Amino acid sequence: MRRTVAVVGGGCSGVLVTRELLSNSEDDVVLVEPGEPGGGVAYGSARPWHLLNSRAGAMSADPDDPGHFARWSGAAPAEFRPRSEYGRYLRTVLDAAVAAHPGRFRLRQARATRVFPEAGRGTVVLDDGTAVRADHIVLATGGPAPARQRLGHPNYIDDPWRPGALDALPPDRPVLLVGTGLTAVDVALTLTADGRRTAPVVAVSRRGLLPLTHTVAAAPPAAPALDDCATLRDVVRAVRAAAGDAGDWRPVVDGMRPYLDRLWTALTADEQDAFLRHLARTWECHRHRMAPEVAARVVGLREAGLLEIRRGGVAAWPGLADYAAVVNCAGPGRLPGSAGPLVAGLLEAGLATPGPHQLGLAIDAQGRVVAADGRVHDRLWLIGPLRRGTQWETTAVPEIRAQARSLATDLQPGRELAKVA
């Protein structure tokens with residue numbers, strides 16, 4: 001008798017793990033997603049001017065075929081394609097996997113409200129009053145919500161990706177963005193896309209740092225010498241030295257990517273905390289870069305006075321009443337405060353617990369969720385951004401597709417996994 005795996009969440013992580021389960025196992029798969037699979041926060045609300053911040057050659061859904069997305073889109077591997085196009089690609093990938101394995105896939109277009117990972121078979125309760133029974137459950141719900149702000153503005157927009165959230169903002173009054181990362185860049189592009197804006201978009205963060213820029217042509221990755229690095233200070237010194245020798249920091253940052261999780265787990269808890277307090281934002285600016293076309297648009301907006309980047313504490317920001325709206329563009333918050341309803345329910349019931357530094361959920365080495373009492377759930381798995389904390393590099397397609405392949409392999413009958421108490 002075939003087993004059933006329920007995948008909760010149909011964004012990028014959910015599509016990639018569903019594809020792997022259909023292609024590399026005999027299991028039936030039930031995908032629980034209230035919207036259209038393949039969208040999610042990253043791709044579902046993207047507009048034509050929102051580009052991927054990775055090149056087409058890095059975005060294949062298939063670990064065995066790195067050029068798949070580039071061929072599908074007709075792009076050169078070095079191109080930066082629209083995010084909405086990537087959402088269509090993910091839907092095509094899912095459709096192809098379903099067609100290749102008839103009779104093994106069901107889509108439940110409902111929202112999961114509760115998950116019960118019992119010892120025998122798990123249960124996913126849906127908001128339409130029904131439930132899905134499954135031998136295994138994979139949580140693919142995306143990362144924590146953005147850090148919430150308490151600013152008291154009458155037009156505070158907590159979710160800029162909500163359809164229509166930015167449509168009614170007047171172009172002749174300034175808008176304040178809380179955050180200066182990639183989300184803030186996307187929102188600024190949207191607010192200025194029609195050419196009618198006359199008042200500035202002001203983006204503010206504690207350090208006032210924008211993401212840095214990709215080069216038009218990619219250089220081969222060049223990893224620094226890390227074997228003798230015993231501390232965080234050693235790693236920083238090695239990276240700076242390698243960047244100086246290379247003449248460009250980008251190949252060095254890209255070359256570190258395969259080693260980031262090993263480096264992260266080798267740090268002490270105090271070193272991880274120091275990295276998060278002092279270096280994480282600088283690292284993110286170098287690691288998650290803007291496409292050259294986006295960066296050129298940002299430069300043009302700043303030169304025209306339509307985008308201002310400021311540094312300072314948001315809570316004490318002067319003249320909030322002068323802004324037509326305050327838009328939350330902050331990065332992901334910490335758990336449990338920024339947990340979505342489904343994850344919050346798991347935390348409240350003790351079925352899950354926050355992982356290191358409250359960046360995600362606690363998991364074991366295979367990605368199984370750890371309960372508050374330290375038990376590892378044999379039937380409840382996690383993929384994607386909520387692994388952060390235990391892992392570091394867990395939000396981009398190459399790492400998520402590798403997680404999906406490993407998870408599908410580990411789920412196979414007879415596979416011996418470590419029992420961690």
Side-chain angles (χ1 to χ4, degrees), residues 2-18 20-22 24-25 27-33 106 108 110-127 130-144 335-336 339-356 358-391 394 400 402-421:
R2 286 205 302 257
R3 303 179 308 171
T4 297
V5 180
V7 177
V8 181
C12 181
S13 298
V15 167
L16 294 183
V17 75
T18 296
E20 289 294 331
L21 289 166
L22 290 173
N24 296 298
S25 80
D27 298 327
D28 290 339
V29 182
V30 180
L31 179 61
V32 179
E33 166 56 44
R106 282 188 297 145
R108 294 297 305 272
R111 189 176 303 279
T113 59
R114 296 294 299 274
V115 169
F116 298 100
E118 294 102 342
R121 296 188 90 207
T123 303
V124 181
V125 179
L126 308 181
D127 63 357
T130 64
V132 174
R133 296 280 287 168
D135 298 281
H136 290 273
I137 300 170
V138 181
L139 299 178
T141 56
L335 299 181
L342 182 68
V343 172
L346 288 168
L347 293 169
E348 290 167 5
L351 295 172
T353 191
Q358 292 74 52
L359 299 174
L361 293 179
I363 56 172
D364 74 350
Q366 283 74 39
R368 295 175 296 183
V369 175
V370 177
D373 62 4
R375 291 180 299 112
V376 176
H377 293 295
D378 286 339
R379 300 179 183 274
L380 184 60
W381 304 72
L382 183 66
I383 185 172
L386 274 174
R387 286 190 177 194
R388 180 165 266 193
T390 303
Q391 299 172 231
T394 185
I400 295 173
Q403 291 176 18
R405 173 64 58 85
S406 294
L407 194 155
T409 300
D410 288 339
L411 270 175
Q412 295 315 297
R415 179 82 169 175
E416 291 293 329
L417 301 181
K419 297 287 186 181
V420 181

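Bear in mind that the values here come from a model prediction, so they are computed numbers and not experimental data. We're numbering straight along the sequence, starting at 1.
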Validation row: Val124, Arg108 side chains within 4.5 angstrom (heavy atoms): no
Nearest 0.5 Å, please: how far is OG1 in Thr18 from CG in Leu31? 4.5 Å
Taking the side chain as everything from C-beta on, heavy atoms only, tell me whether Arg133 gets closer than 4.5 Å to Thr4. no
Contact check, side chains of Val138 and Ile383, non-hydrogen atoms, under 4.5 Å: yes
Do Leu407 and Glu20 come close enough that some side-chain heavy atom pair is under 4.5 Å? no
Quick one: does Asn24's side chain get under 4.5 Å of Thr409's, heavy atoms only? no
Any Ser406 side-chain heavy atom under 4.5 Å of Gln366 side chain: no
If every non-hydrogen atom of Gly350 is compared with every non-hydrogen atom of Ala371, which pair is closest and at what distance? O-CB, 3.5 Å
Closest approach of Ala110 to Asp127 (non-hydrogen atoms, all atoms of both residues): CB-OD1, 3.5 Å
Applying side chain to side chain donor-acceptor pair (under 3.5 Å), can you list everything that pairs with Thr394, at least two apart in sequence or on another chain? Gln403
Would Ile363 and Gln391 count as a side chain to side chain contact (heavy atoms under 4.5 Å, CB included) here? Give the steps. CA-CA 9 Å; Ile363 56 172; Gln391 299 172 231; 4.0 Å; yes
Ignoring hydrogens, what is the shortest heavy-atom contact between Ala131 and Thr123? Give both atom names and the distance. CB-CG2, 3.9 Å
How many angstroms lie between CD in Glu118 and CG in Asp378, if you round to the nearest 0.5 Å? 13.5 Å
Which atom names give the shortest non-hydrogen contact between Val115 and Pro117, and what distance separates them? O-CD, 3.7 Å
Arg379 meets the side chain to side chain donor-acceptor pair (under 3.5 Å) criterion, sequence neighbours left out, with none
Closest non-hydrogen atom pair between Leu126 and Ala112, with its separation: CD2-CA, 4.1 Å
Distance from Leu351 atom CG to Arg375 atom CZ, nearest 0.5 Å? 7.5 Å
Step by step, work out the side chain to side chain contact (heavy atoms under 4.5 Å, CB included) result for Leu386 and Leu335. CA-CA 10 Å; Leu386 274 174; Leu335 299 181; 4.2 Å; yes
Could you pull out all residues at least two apart from His136 that satisfy side chain to side chain donor-acceptor pair (under 3.5 Å)? Arg3, Trp381
What do the steps show when you test Val343 against Leu361 for side chain to side chain contact (heavy atoms under 4.5 Å, CB included), and what is the final call? CA-CA 9 Å; Val343 172; Leu361 293 179; 3.9 Å; yes
Euclidean distance, Leu21 CG relative to Gln412 CD, rounded to 0.5 Å: 8.0 Å
Of the non-hydrogen atoms in Gly384 and Ser13, which two are nearest, and what is the gap between them? CA-OG, 3.7 Å
For Arg106, does the CZ atom sit with more than 12 other heavy atoms under 6.0 Å from it, leaving out its own atoms? no
Of Val29, Val30, Val15, Leu139, which is the lone residue that meets side-chain contact (heavy atoms from CB on, under 4.5 Å) with Val7? Val29
Option from Asp135, Asp28, Asp27 for which side-chain hydrogen bond (donor to acceptor under 3.5 Å, both in side chains) with Arg2 holds: Asp28
Whether the side chain of Arg387 engages the backbone of Leu382 through a donor-acceptor N/O pair (distance < 3.5 Å, no angle test) should be reported. yes
Taking the side chain as C-beta and beyond, is there a heavy-atom pair between Pro354 and Leu347 under 4.5 Å? yes
